[in-house]
Amino acid sequence: MRLSKFLAEAGVASRRQAEKLIASGRVKVNGSKVLKQGYKIDPGSDKVELDGKIVFIQDKKVYLLLNKPPGYISSVVDSWGRPTVIDLVEDIKERIYPVGRLDFDTEGLLLLSNDGDFANLMTHPRYKIKKKYEAWVEGDVKTAALKLLAEGVVLDDGLTAPARVHVLKRQEGKTLLELEIHEGRKRQVKRMCSAVGHELISLKRTAFSFLTLEGVPLGKYRHLSLEEVERLKRIAGGGT
Ligand code: URA
């Protein structure tokens with residue numbers, strides 16, 4: 001790889017500016033000053049320095065929004081050999097992993113990334129990122145159950161934080177609820193519904209903070225824009 005390209009990919013300068021840095025004698029390869037334009041290096045083995053500081057190419061950060069179908073596990077590998085969400089992602093050479101998790105049978109919005117700090121911000125309970133779900137549950141959900149779900153129900157790992165809950169649809173023997181929660185406990189929606197006497201039939205995550213599934217068909221994904229990533233980080237920082 002050309003030395004100037006290496007410097008540009010490392011984020012040191014543009015290709016043209018990198019050529020100037022080289023010409024001005026500020027760049028060394030394996031301890032020797034390089035002045036020649038077009039000089040080639042092996043990024044895997046050569047040591048490049050700018051003003052005496054070693055230059056690395058960082059792995060590119062990748063942020064994906066996946067519309068997960070049911071029947072996929074939210075991990076990189078599964079010891080039972082079941083399909084994983086990573087199987088749905090093509091053309092991405094970086095080692096990405098799910099940011100948080102959706103259960104095997106749950107569908108909907110799941111973020112994938114190789115940015116550990118971002119993943120921590122998005123999943124740590126302290127940062128209270130809002131998540132919206134549509135849940136079909138058994139039975140006719142009455143006001144008392146809705147109130148309980150909204151105010152907090154006692155699960156085996158403690159009382160749930162207040163949630164927003166309302167009925168989207170009622171059909172013979174089942175109800176479609178929309179729930180917005182900001183905790184991320186294991187099987188939380190399933191356990192909350194079960195705790196108020198309504199077993200979960202199916203679950204879909206429709207929103208993660210301000211992100212929705214709009215324009216992303218089931219089983220497909222899109223890249224987040226830089227603005228979206230920055231906005232998510234700001235929201236986590238602001239605790240809303
Ligand atoms: N709550 C659940 O019960 N399951 C999920 O996959 C996500 C939230």
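Just so you know, ligand 1 is whichever comes first in the structure, and atom 1 is the first atom listed for that ligand. As a basis for the values below, the full set of heavy atoms in this structure was taken, side chains included, without hydrogen atoms, waters or symmetry mates.
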Determine, using the 4.5 Å side-chain heavy-atom cutoff (strictly less than), whether [X] and [Y] are members of one ILVMFWY cluster.
| X | Y | answer |
| --- | --- | --- |
| Ile96 | Leu211 | no |
| Leu176 | Leu179 | no |
| Tyr97 | Tyr63 | no |
| Val137 | Leu146 | yes |

Query - Option among Leu112, Leu102, Leu109 that satisfies the side-chain contact (heavy atoms from CB on, under 4.5 Å) test with Lys68 - result: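 Between Lys68 and the candidates, side-chain contact (heavy atoms from CB on, under 4.5 Å) is satisfied uniquely by Leu102.
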Query raised in the report: For ligand 1, what are the residues with a heavy-atom contact below 4.0 Å?
Result: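 Residues within 4.0 Å of ligand 1: Leu102, Asp103, Thr106, Tyr133, Arg187, Gln188, Val189, Lys190, Leu203.
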Query raised in the report: Got a salt bridge between Asp157 and Arg185, using NZ or NE/NH1/NH2 to carboxylate O under 4.0 Å?
Result: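 Result for this pair is yes, salt bridge flagged.
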